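One structure below.
Order of appearance sets the numbers: ligands from 1, and atoms from 1 within every ligand. Just so we're clear, the structure is a prediction, and the values are computed from it rather than from any experiment.
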Amino acid sequence: MANPLFDTLFGAHAGKDAVFLRLTDGTTITYAAFLGMAAQYAGLLRSLGLEPGDRVAVQIEKSPEALAVYAACAQSGLIFLPLNPAYTGQEVHYFLNDSGARVMLCDTSKVDALAPVARSCGAQLETLNANGTGTFSVKAADHPADFQTVTRDAGDLAAFLYTSGTTGRSKGAMLTQANLLSNAQVLASEWRFTADDVLLHALPIFHTHGLFVATNITLLAGGQMIFMPKFDVDQIIAHMPDATTLMGVPTFYTRLLGEPRFTKELAAHMRLFVSGSAPLLAETHVQFENRTGARILERYGMTETNMNTSNPYDGARRAGTVGFPLPGVELKITDSVTGAELPQGEIGEIEVRGPNVFQGYWQMPEKTAEELRPDGFFITGDLGQIDADGYLQIVGRNKDLIISGGYNIYPKEIELLLDLQDGVLESAVIGVPHPDFGETPVGILVADGDAALDLDSIKAGVAASLARFKHPQRLIVVPELPRNTMGKVQKKALRDLYKGLFSDEQP
Ligand code: MCA
Ligand code: AMP
């Protein structure tokens, strides 16, 4: 195959009049029409002087056009670099600078903020809006609806996905065509996807879950997606009768359970509900089964590894577990200090190896070496335990990470910013249980001196730099942070102290 990723996921559907995307306004887009749009985009990207291996940064709202940019990058051998539209200009500056992206696509409403950012990073800025308008689509209209697919090898890079880090610096995870393809093939087979499937797609498409899991599997199977701009419980309920499957983060399922219109009858024809990206409470699993009779299939993955484990399609889906290693994935539990493999049943670090595991962090060999062993095992930073039947249970994290509604938040990034605010001596950011988002960040502050802290101005300082979902939902001032004898802040003590902060809130 000249270009395995493009040929397998997209090229295989050339000329097909079958529907690929169904939009919430009732319109549909066939595979042929989608591929024509992607070819025009590929032609434009090449005319802008981009060479295979160059990066294209994309910070646009979810739309068929946004997905066609992904296809266009695959077809023209470019590295797709999707970014959350919630990121601020400061955050985008880091990604552009670090990745060396040659082109950046954004919404027209962001041009004023991002033009100076793109200029200073040497990237050409084009616009592409959720309704398909923008300079990018205007220019693309001059290009033909077919494009000579650029030859690429399975080992060539296809995407960079930035993940935050425990040091506060984001790292670009480099994923090859083979990383993405192998995982899509395994999952489509394990979860029995076929051309008859219609997936309710309500996830964002700038992360692994919505892009590489949901979309790649559907493409591989030649199925359809009901492509929603975002998760909206009314829309999910309205379109469920036309769907066969749903993939979501646990918040999707708790929100559905909070809705009396989500009934057994409504869900009866659905063949599969998948959950991942954050822990699904065993309680939610049970409530879901009580309501619908269906058992959610929980799986476990990471940006760096795609999907690692899954509960079985046939066989018992065990609440509170993430199932078994996927075919081709090796998984072991190791001692966090020595790295030695632990006997079955003991709790330790989860390590994985397989064709799904990324190539390392872009231009960060030291960070890569810290997490990716020379023998190919990736140290996930998650703590787990394998039960007597082989099911993996994730029991905690060996990394300071908060997952809110499926979005990762690294406390260090917020702490560094809080520490810079006027009057703040030091800070600790902790994840506190939240009925809707699972966990949410809370900032604990110590003032530098006796003067009261101006919390509004501190919040404004955070808001100017960080995406909304990372903002601490509460700021709490304390006289001092609890420390152990080594002087390390005891976050567990803080988490215990504040664990009930949001328990009265309605999901
Ligand atoms: C939105 N807000 C959030 C979040 N989402 N705050 C914290 N955490 C969030 N996840 C902000 C909004 O900006 C808004 O702020 C306020 O919270 C309330 O918004 P709301 O309307 O309730 O939120 P929403 O728009 O309905 O979004 C919630 C959501 C969404 C549906 C859970 O966050 C979502 O789709 N999450 C999925 C994330 C995902 O795809 N993760 C996969 C990562 P304001 O009111 O001020 O405007 S991939 C991964 O983790 C690995 C590989 C894996 O295993 O999959
Ligand atoms: P990300 O860096 O966004 O790819 O997030 C990956 C992290 O999400 C993993 O390291 C886990 O901590 C967490 N995660 C993903 N799926 C699950 C799951 N099913 N249960 C618990 N944690 C999960």
Side-chain angles (χ1 to χ4, degrees), residues 62 82 84-87 161-166 170-171 173 175 183 187 201-215 228-236 247-256 258 274-282 284-285 296-311 319-323 349-352 356 358 371 378-384 392-410 431 434-441 459 463 466-473 505-507:
K62 185 176 174 183
N84 188 336
Y87 289 142
L161 256 57
Y162 273 82
T163 84
S164 302
T166 42
S170 288
K171 302 165 286 184
L175 295 151
N183 216 234
L187 294 172
H201 194 299
L203 287 159
I205 53 168
F206 46 78
H207 277 316
T208 299
H209 198 165
L211 187 63
F212 301 140
V213 183
T215 303
M228 306 179 163
K230 58 177 288 224
F231 179 84
D232 176 293
V233 88
D234 292 333
Q235 291 282 357
I236 295 280
M247 286 184 199
V249 296
T251 302
F252 283 22
Y253 295 106
T254 49
R255 286 189 183 180
L256 275 172
V274 177
S275 177
S277 311
L280 182 78
L281 294 179
T284 310
H285 195 279
I296 297 174
L297 184 153
E298 187 173 7
R299 81 338 173 249
Y300 159 58
M302 285 187 78
T303 300
E304 289 91 335
T305 64
N306 297 288
M307 299 304 104
N308 295 314
T309 72
S310 171
N311 266 281
T321 82
V322 290
E349 185 98 36
I350 303 171
E351 297 194 24
V352 292
N356 52 319
F358 77 142
E371 295 176 36
F378 178 68
I379 307 167
T380 61
D382 292 311
L383 297 175
L392 175 69
Q393 196 183 355
I394 298 175
V395 297
R397 295 179 202 133
N398 206 14
K399 52 191 171 189
D400 196 11
L401 162 70
I402 299 166
I403 306 184
S404 165
Y407 286 144
N408 285 12
I409 301 170
Y410 280 86
H434 188 275
D436 187 29
F437 290 136
E439 279 184 294
T440 198
K459 281 182 197 153
L466 295 182
R468 171 78 185 89
F469 69 90
K470 298 180 191 170
H471 300 182
Q473 289 225 2
E505 290 196 8
Q506 289 305 307

Hey, which atoms in ligand 2 end up nearer than 4.0 Å to a heavy atom of [X]?
| X | result |
| --- | --- |
| Thr303 | 1 (P), 2 (O), 3 (O), 4 (O) |
| Glu298 | 18 (C), 19 (N), 20 (N) |
| Met302 | 4 (O), 6 (C), 9 (C), 10 (O) |
| Ile394 | 20 (N), 21 (C), 22 (N) |
| Arg397 | 12 (O) |
| Arg299 | 16 (N), 18 (C), 19 (N) |
| Ser277 | 8 (O), 13 (C), 14 (N), 15 (C), 16 (N), 17 (C), 23 (C) |
| Pro279 | 20 (N), 21 (C), 22 (N) |

Enumerate the atoms of ligand 1 whose separation from the nearest heavy atom of [X] is less than 4.0 angstrom.
| X | result |
| --- | --- |
| Met302 | 52 (C) |
| Leu203 | 40 (O) |
| Lys230 | 21 (O), 24 (P), 25 (O), 26 (O) |
| Thr303 | 52 (C) |
| Phe231 | 31 (C) |
| Gly301 | 54 (O) |

Under 3.5 Å between some N or O of ligand 1 and some N or O of [X]?
| X | result |
| --- | --- |
| Ser404 | yes |
| Gly405 | yes |
| Tyr407 | no |
| His207 | no |
| Thr251 | no |
| Ala202 | no |

Please compare Ala173, Gly301, Gly276 and report which has the shortest non-hydrogen distance to atom 15 (C) of ligand 2. Gly301

Please report whether ligand 2 has a polar contact with [X], defined as an N or O pair separated by less than 3.5 Å (distance criterion only).
| X | result |
| --- | --- |
| Ser275 | no |
| Glu304 | no |
| Asp382 | yes |
| Thr380 | no |

Hey, is Arg299 one of the residues with a heavy atom under 4.0 angstrom from ligand 1?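 Judged by the 4.0 Å heavy-atom criterion, Arg299 does count as contacting ligand 1.
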
Strictly under 4.0 Å, does any heavy atom of Gly210 approach an atom of ligand 1?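 Judged by the 4.0 Å heavy-atom criterion, Gly210 does not count as contacting ligand 1.
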
Closest protein heavy atom (residue, atom, distance) for [atom]:
| atom | answer |
| --- | --- |
| atom 13 (O) of ligand 1 | Arg468 CG, 3.3 Å |
| atom 41 (N) of ligand 1 | Gly406 O, 2.9 Å |
| atom 35 (O) of ligand 1 | Pro204 CD, 3.7 Å |
| atom 19 (O) of ligand 1 | Phe437 CZ, 4.6 Å |
| atom 22 (O) of ligand 1 | Arg255 NH2, 2.9 Å |
| atom 49 (C) of ligand 1 | Ser277 OG, 3.7 Å |

With a 4.0 Å cut-off on heavy atoms, does Lys399 reach ligand 2? yes

Should Thr208 be listed as contacting ligand 2, given a heavy-atom distance under 4.0 Å as the test?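 No heavy atom of Thr208 comes that close to ligand 2.
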
Any idea how Tyr87 and Phe469 line up, ring-wise: parallel (<30°), tilted (30 to 60°), or perpendicular (>60°)? tilted

What do we get for [X] next to ligand 2 when only non-hydrogen atoms under 4.0 Å count, side chain, backbone, both or neither?
| X | answer |
| --- | --- |
| Thr163 | neither |
| Ile403 | side chain |
| Met307 | neither |
| Ala278 | backbone |

Lys/Arg-Asp/Glu bridge criterion (N-O < 4.0 Å) met for Lys171, Glu371: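 A salt bridge is present here (some side-chain N lies under 4.0 Å from a carboxylate O).
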
Closest non-hydrogen atom pair, Met307 against Leu187: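 Of all heavy-atom pairs spanning Met307 and Leu187, the closest is CG-CD1, 3.5 Å.
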
Quiz question for you: does at least one protein heavy atom lie closer than 4.0 Å to atom 38 (C) of ligand 1?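 Yes, there is one.
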
Are any of the protein's heavy atoms under 4.0 angstrom from atom 53 (C) of ligand 1, yes or no? yes

Which value, rounded to the nearest 0.5 Å, describes the distance between Ile394 atom CD1 and Tyr300 atom OH?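 Reported value, rounded in 0.5 Å steps: 5.0 Å.
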
